[in-house]
Amino acid sequence: YRSTFMVAALSFAFKEDLRDEFRALNFPVSDADYEDLWQKADTDPADFSLSVAPSPLLVPRGRSVTCTIGTEALDGLTHEISFRARLATPVEGVSVALSDRAVEPGGTATITVTAEPDAPLASSSIRLQAEGEYTAHAADIPITVISTPAISAASYAKKVLSIQGSDFGASPTVLVNGADQTARVTSATDTAITLKGKKKKLGLHTGQNRIAVVDSAGTGSAEFVLTL
């Protein structure tokens, strides 16, 4: 019955009989149940609206990002709204999770997208399907896996702070103990950054110092702890 319900709901939403298309994909569809559901939907137009924000999503390697699914009842809908979400084109190391499989009309749910540190830099989209009592709606949420600055080593000697790592980009921002020290950068490549100045001028102190690099897209590295 659930398979027939989904086909009837999508058919009603797109105003087209989709039974043959789904049967070709080996979905079991009952004509009797389909006709009954279609008649009920045609006489009871209770529906809902669907929204997703933010969209599209940029997912840094090694991080998770979220977006919120919003719903609103139309024409007196009181039946719960169920969700399904998947990657339209699978990307190795990228996963999608739903906070709730169903909500009451007017409720919200969260989609969490996680990219493993070694996930490829690739694009895909999340295919979101939402089903009400008689109608269904769908949304595509574009996602792109992006690189993340990573610090592998840092040192300070002879008034020079050296930072090594990867994916720093062409114009990185350097934060030392939370303060922007980019003005003291003397050289920067994708794998190495050098800052020059006395310890105090660079915001360094005896003990543990927190260093982070933010690329030009605004994506920040995890903090690296430099102990002096």
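If you're wondering where the values come from, they're calculated on a predicted model, not measured in any experiment. We count residues from 1, following the sequence as given. Reckoned from all heavy atoms, side chains included, excluding hydrogens, waters and symmetry mates.
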**Student:** What distance separates K198 NZ from L204 CG, expressed to the nearest 0.5 Å?
**Tutor:**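 So the gap between those two atoms works out to 14.0 Å.
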**Student:** Do side-chain atoms of S221 reach the backbone of V213 as a donor and acceptor pair under 3.5 angstrom?
**Tutor:**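 Checking the backbone N and O of V213 against the side chain of S221, a donor-acceptor pair under 3.5 Å is found.
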**Student:** Would the distance check show the side chain of R184 and the main-chain N or O of K201 forming a donor-acceptor pair, the cut-off being under 3.5 Å?
**Tutor:**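 Confirmed, R184 side chain pairs with K201 backbone.
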**Student:** For S124 and A88, work out which heavy atoms get closest and say how close.
**Tutor:**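 Answer, listing the atom of S124 first, then A88: OG-N, 4.1 Å.
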**Student:** Determine yes or no for a side-chain-to-main-chain donor-acceptor pair under 3.5 angstrom, with D190 supplying the side chain and G169 the backbone.
**Tutor:**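 Pair found, side chain donor or acceptor close to backbone of G169.
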**Student:** At their closest point, which heavy atom of Q164 faces which heavy atom of A154, and how far apart are they?
**Tutor:**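 Closest approach of Q164 to A154, heavy atoms only: OE1-N, 4.3 Å.
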**Student:** So Y34 and S11, side-chain hydrogen bond (donor to acceptor under 3.5 Å, both in side chains) or not? Walk me through it.
**Tutor:** CA-CA 10 Å; Y34 178 94; S11 295; 3.3 Å; yes
**Student:** For the pair D100 (side chain) and V103 (backbone), establish whether a donor and an acceptor sit closer than 3.5 Å, ignoring hydrogens and angles.
**Tutor:**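 Side chain of D100 to backbone of V103, a donor-acceptor pair under 3.5 Å: no, none is there.
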**Student:** Judged by atom type as modelled, is there a donor-acceptor pair below 3.5 Å linking the side chain of T186 to the main-chain atoms of T194?
**Tutor:**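 Yes; at least one donor-acceptor contact below 3.5 Å.
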**Student:** Do I193 and V174 come close enough that some side-chain heavy atom pair is under 4.5 Å?
**Tutor:**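 They are in side-chain contact.
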**Student:** How long is the gap from CD on E72 to OG on S51, to the nearest 0.5 Å?
**Tutor:**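 So the gap between those two atoms works out to 8.5 Å.
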**Student:** Taking side chain as C-beta onward, heavy atoms only, is T112 less than 4.5 Å from T114?
**Tutor:**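 The answer is yes, as the side chains (C-beta and beyond) meet within the 4.5 Å cut-off.
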**Student:** Could you tell me the separation between the OG atom of S30 and the CZ atom of F5, rounded to the nearest 0.5 Å?
**Tutor:**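 Taking OG in S30 and CZ in F5, the distance rounds to 14.5 Å.
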**Student:** Minimum heavy-atom separation for F83 and A109, please, with both atom names.
**Tutor:**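 Smallest interatomic distance, heavy atoms only, reads CE1-CB, 3.8 Å.
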**Student:** Got a list of side-chain donor-acceptor pairs under 3.5 Å for residues 55-62, not counting sequence neighbours?
**Tutor:**
| from | atom 1 | to | atom 2 | distance (Å) |
| --- | --- | --- | --- | --- |
| R61 | NE | A119 | O | 2.8 |
| R61 | NH2 | A119 | O | 3.3 |

**Student:** Would you say L202 ends up clustered with V214 if hydrophobic residues are merged whenever their side chains have heavy atoms under 4.5 Å apart, either directly or through other cluster members?
**Tutor:**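 Looking at the clustering, L202 is in a separate group from V214.
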**Student:** Name all residues meeting the salt bridge (Lys or Arg N to Asp or Glu O under 4.0 Å) criterion together with E116; count only those two or more places apart in sequence or in a different chain, and write none if there are none.
**Tutor:**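 Result, salt bridge (Lys or Arg N to Asp or Glu O under 4.0 Å) vs E116: none returned.
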**Student:** In terms of hydrophobic clustering (I, L, V, M, F, W, Y; side-chain heavy atoms under 4.5 Å; direct or indirect links), are I146 and V65 co-clustered?
**Tutor:**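 As far as the 4.5 Å side-chain criterion goes, V65 and I146 are not connected within one cluster.
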**Student:** Could you check if a side-chain atom of E16 sits within less than 4.5 angstrom of a side-chain atom of E21, using non-hydrogen atoms only?
**Tutor:**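 Touching, per the 4.5 Å side-chain cut-off.
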**Student:** Is any side-chain heavy atom of I126 less than 4.5 Å from a side-chain heavy atom of D140?
**Tutor:**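 The answer is no; the side chains never approach within 4.5 Å.
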**Student:** Counting only heavy atoms not in R101 (residues, nucleotides, ligands), do more than 12 fall under 6.0 Å from its CZ?
**Tutor:**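 Not more than 12 within 6.0 Å, no.
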**Student:** Identify, with sequence neighbours excluded, every residue that meets salt bridge (Lys or Arg N to Asp or Glu O under 4.0 Å) alongside D33.
**Tutor:**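 By the salt bridge (Lys or Arg N to Asp or Glu O under 4.0 Å) rule, D33 matches no residue at all.
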**Student:** If we ignore hydrogens and angles and just use 3.5 Å, is the side chain of D180 paired with the main-chain N or O of L175 as donor and acceptor?
**Tutor:**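 Checking the backbone N and O of L175 against the side chain of D180, no donor-acceptor pair under 3.5 Å is found.
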**Student:** Does L228 share a hydrophobic cluster with I151, counting links as ILVMFWY side-chain heavy atoms below 4.5 Å and allowing steps through other members?
**Tutor:**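 Per the 4.5 Å side-chain linkage, L228 and I151 are co-clustered.
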**Student:** Among residues at least two apart in sequence or on other chains, which ones pass ring pair (Phe, Tyr, Trp, His ring centres under 6.0 Å) with F22?
**Tutor:**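 With sequence neighbours excluded, F22 shows a ring pair (Phe, Tyr, Trp, His ring centres under 6.0 Å) to F27, given in chain and number order.
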**Student:** For F224, give me all partners under ring pair (Phe, Tyr, Trp, His ring centres under 6.0 Å), at least two apart in sequence or on another chain.
**Tutor:**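 For F224, no residue satisfies ring pair (Phe, Tyr, Trp, His ring centres under 6.0 Å) once neighbours in sequence are set aside.
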**Student:** To the nearest 0.5 angstrom, please state how far the OG1 atom of T110 sits from the CD1 atom of I69.
**Tutor:**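 So the OG1 of T110 and the CD1 of I69 are separated by 7.5 Å.
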**Student:** Please check this pair: side chain of R23 against backbone of V29, looking for a donor-acceptor N/O pair closer than 3.5 Å.
**Tutor:**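 Yes.
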**Student:** Which distance, rounded to the nearest 0.5 Å, do you find between the CG of L195 and the NZ of K159?
**Tutor:**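 Separation between the atoms: 15.0 Å.
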**Student:** Check the pair D47 / H137 against side chain to side chain contact (heavy atoms under 4.5 Å, CB included), numbers first and verdict last.
**Tutor:** CA-CA 10 Å; D47 199 358; H137 296 279; 2.9 Å; yes
**Student:** Output all residues satisfying salt bridge (Lys or Arg N to Asp or Glu O under 4.0 Å) with R210, sequence neighbours left out; order by chain, then residue number.
**Tutor:**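 If we apply the salt bridge (Lys or Arg N to Asp or Glu O under 4.0 Å) test to R210, skipping adjacent residues, the hits are E223.
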**Student:** Which pair of heavy atoms, one from F48 and one from A130, lies closest together, and at what distance?
**Tutor:**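 That closest heavy-atom pairing would be CZ-O, 3.6 Å.
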**Student:** Please test T227 against N209 for side chain to side chain contact (heavy atoms under 4.5 Å, CB included), starting from the C-alpha separation and ending with a verdict.
**Tutor:** CA-CA 6 Å; T227 302; N209 296 270; over 6 Å; no
**Student:** Just by distance, with hydrogens left out, do T144 and S123 show a side-chain donor and acceptor under 3.5 Å apart?
**Tutor:**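 Result is yes, a qualifying pair exists.
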**Student:** State, yes or no, whether a side-chain contact exists between V113 and V94 at a heavy-atom distance under 4.5 Å.
**Tutor:**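 Yes, their side chains come closer than 4.5 Å.
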**Student:** Does L10 belong to the same Ile/Leu/Val/Met/Phe/Trp/Tyr cluster as L50, with side-chain heavy atoms less than 4.5 Å apart forming each link?
**Tutor:**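 No, because L10 and L50 fall into different hydrophobic clusters, even though each may have its own neighbours under 4.5 Å.
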**Student:** I'd like to know if R19 and E35 make a salt bridge, using a cut-off of under 4.0 Å between side-chain N and carboxylate O.
**Tutor:**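 The answer is yes: the pair qualifies as a salt bridge.
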**Student:** Side chains of I211 and L161: closer than 4.5 Å at any heavy-atom pair?
**Tutor:**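 A side-chain contact exists here, since the closest heavy-atom pair is under 4.5 Å.
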**Student:** Quick check: do L77 and E133 have side-chain heavy atoms less than 4.5 Å from each other?
**Tutor:**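 A side-chain contact exists here, since the closest heavy-atom pair is under 4.5 Å.
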**Student:** Can you tell me how far the OG atom of S162 sits from the OH atom of Y156, to the nearest 0.5 Å?
**Tutor:**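 Taking OG in S162 and OH in Y156, the distance rounds to 10.5 Å.
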**Student:** I141, V91: one ILVMFWY side-chain cluster at the under-4.5 Å cut-off?
**Tutor:**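 Result: yes, single cluster for both.
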**Student:** State, with a plain yes or no, whether a side-chain heavy atom of L87 is found less than 4.5 Å away from one of I143.
**Tutor:**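 Of all side-chain heavy-atom pairs linking I143 with L87, at least one is under 4.5 Å.
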**Student:** Which heavy atom of S147 sits nearest a heavy atom of D215, and at what distance?
**Tutor:**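 Between these two residues, the closest heavy atoms are O-OD2, 4.1 Å.
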**Student:** Looking at P105 and E80, what are the two nearest heavy atoms and their distance?
**Tutor:**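 Reported closest heavy-atom pair: CD-CA, 4.3 Å.
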**Student:** Step by step, work out the side chain to side chain contact (heavy atoms under 4.5 Å, CB included) result for L128 and R84.
**Tutor:** CA-CA 6 Å; L128 172 65; R84 288 185 295 168; over 6 Å; no
**Student:** Walk me through whether R63 and T148 qualify under side chain to side chain contact (heavy atoms under 4.5 Å, CB included).
**Tutor:** CA-CA 9 Å; R63 309 279 181 85; T148 306; 3.4 Å; yes
